[in-house]
Amino acid sequence: MNSKSYSLFLKDFKSELRTRYAINALAMFIIVAISVILFSVGNEKISPSLTGGLFWVVIFFTAMSGLSRAFVSEEERGTSLTLQLIAAPSTVYAGKLIFNIILVFVMNTIIAILYSAIFEAFIIKNFWLFLASFVLGNIGLAVSSTIIAAIISKAGAKGTLYPVLSFPILLPLILTSVQLTLFALDGISFERAKFELAIVVSYDVIMLTASFMLFDFIWKE
Amino acid sequence: MIWKIFLFLLLAFVSVAGIAFPIVENPSTWYQFPLIPGLEENAKIIFFHVPTAWLTVVAFFMSTLYSFKYLRKKNLDDDVKSYAAAQLGMIFCILATVTGAVWAKFAWGSYWSWDPRQTSIFALLLIYGAWFALRSSIESEEKRATLSSVYSMIAFVTVPFFIFIMPRIMTGLHPGSADDTNAGPVIDFKMNGNMQLIFFLSLIGFTILYFWMWNIGYRSILLREKLNKQLIRG
């Protein structure tokens with residue numbers, strides 16, 4: 001299963017490198033979203049806690065603009081039936097998940113770098129806590145949005161439905177991640193952020209398990 | 001038939017008693033409610049708001065349960081049952097949100113203040129909304145049933161998180177919250193016997209009403225589908 005998911009991931013990766021669809025869309029979206037924030041802020045001074053919240057707003061909407069590609073492209077090209085023939089559902093999901101995780105990491109790293117370059121208030125005092133919450137949050141984001149993307153690809157009205165369906169599912173993760181980012185901005189120690197970190201870890205594990213179990217039903221549809 | 005009359009009398013009694021019984025400091029007769037500091041007359045909402053919130057949760061669980069059953073047995077009947085439950089859940093969810101917000105205007109001074117309970121019910125409203133949006137976007141019956149069942153299972157596993165993280169992120173104003181000092185766990189000890197009795201009668205009455213409405217909703221969906229099929233066959 002592992003080697004098959006890996007080759008599935010390679011296939012997605014190569015086709016992405018050729019078309020650069022998701023990368024271009026995501027990059028432009030990041031720039032647009034951040035410049036909208038910059039224009040609306042104007043000359044106002046924004047507080048560190050506000051930047052922490054806006055950081056996750058940009059991450060959420062960027063994810064919503066690009067992550068549905070993984071499954072929607074298969075449906076559009078009509079290749080999903082072929083995939084059903086050659087691989088087990090969990091293999092397909094694992095391959096798509098690896099691709100989306102990497103996409104999320106690349107995208108969010110760019111957002112984080114741009115953020116710390118542009119916003120003066122966005123100073124991370126506890127870097128390791130930020131890194132931990134960043135990694136765990138990214139994994140959760142990728143897992144949930146991949147399974148929702150699979151649902152979306154089978155339904156009509158794909159583009160508008162994606163953020164609508166994802167938001168309630170991602171809400172616990174986003175709320176906790178915003179909280180953790182605020183902790184990192186305030187320089188709060190790991191000891192005090194233990195509970196929030198535990199929440200994010202359990203979210204990741206539960207979502208991963210649930211999506212592997214439920215993906216069979218979606219994929220066979 | 002007899003239970004419908006019983007239900008009518010029960011709900012009529014609960015409505016009249018819940019609205020009309022006076023709140024006094026030292027209740028002496030059976031039709032007087034005790035004064036709860038910090039809530040006063042506002043306390044009476046408990047007879048109508050709490051049952052709607054309770055039914056929102058019951059409907060959500062029932063909808064998820066039938067979704068789970070559908071995924072196991074692939075019987076479209078379960079999907080119809082789940083749909084009927086979710087429809088009612090949405091109605092009760094809106095009712096609970098609106099009555100809560102109106103109450104909050106008088107008790108807390110503003111309609112909405114992102115109290116943990118308010119945020120949780122808002123999330124539930126979003127889940128219901130997304131679920132209906134998903135259903136309306138799919139034409140084929142089996143596909144719609146499967147995908148919406150999967151979605152309700154995914155939404156279901158996120159619910160525990162709200163219970164754990166909300167109190168950490170926001171401070172609670174709602175009566176019965178953990179850090180609530182003035183209006184404490186109302187249900188446990190601040191209500192006297194007759195208030196508790198009417199509260200539980202109201203809960204029972206509303207629950208029976210829910211199951212009745214659910215049954216009607218379920219049968220009406222079946223009839224509608226039957227009629228649609230007759231129309232198609234001509």
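In the text below, chain A, chain B and the rest are named by the order of the sequence lines, each starting its count at 1.
Rounding to the nearest 0.5 Å places CG of A:L171 at 9.5 Å from OG of B:S120. To the nearest 0.5 Å, the span separating CZ on A:F217 from CZ on B:R72 amounts to 9.0 Å.
Within the structure, no pair that satisfies the side chain to side chain donor-acceptor pair (under 3.5 Å) test touches residues 165-175 of chain A, not counting sequence neighbours.
Contacts between A:F215 and chain B at a heavy-atom distance below 4.5 Å are absent for every atom of the residue. Neither the backbone nor the side chain of A:M213 comes within less than 4.5 Å of any heavy atom in chain B.
The side-chain heavy atoms of A:S202 and B:F161, taken from C-beta on, include a pair separated by under 4.5 Å.
The environment of CZ in A:F105 is crowded: more than 12 heavy-atom neighbours from other residues, nucleotides or ligands sit within 6.0 Å. By the 6.0 Å contact criterion, CZ on A:F190 is enclosed, its count of non-hydrogen atoms from other residues, nucleotides or ligands being greater than 12. The environment of A:E120 atom CD is sparse: at most 12 non-hydrogen atoms of other residues, nucleotides or ligands sit within 6.0 angstrom. Within a 6.0 Å sphere centred on CH2 of B:W112, other residues, nucleotides and ligands contribute more than 12 heavy atoms. Sparse packing is recorded around CZ of B:F68, with 12 or fewer heavy atoms of other residues, nucleotides or ligands lying under 6.0 Å away. Environment of CZ in B:F132: crowded, with over 12 heavy atoms of neighbouring residues, nucleotides or ligands closer than 6.0 Å.
Per-residue heavy-atom pair counts under 4.5 Å with chain A were compared for B:L134, B:V159, B:L124, B:I138, and the maximum is reached by B:L134. Between chain B and the residues A:I206, A:V178, A:I151, A:V164, the most heavy-atom pairs under 4.5 angstrom are made by A:I151.
Of all residues in residues 135-149 of chain A, those placing a non-hydrogen atom less than 4.5 angstrom from a non-hydrogen atom of chain B are A:I147, A:I148. The interface of residues 141-158 of chain B with chain A, defined by heavy-atom distances below 4.5 Å, comprises B:E142, B:K143, B:T146, B:L147, B:V150, B:Y151, B:M153, B:I154, B:A155, B:V157, B:T158. Using non-hydrogen atoms only and a strict 4.5 Å limit, no part of residues 220-228 of chain B faces chain A.
Of all heavy-atom pairs between A:L165 and B:A130, the closest is CD2-O, 3.3 Å.
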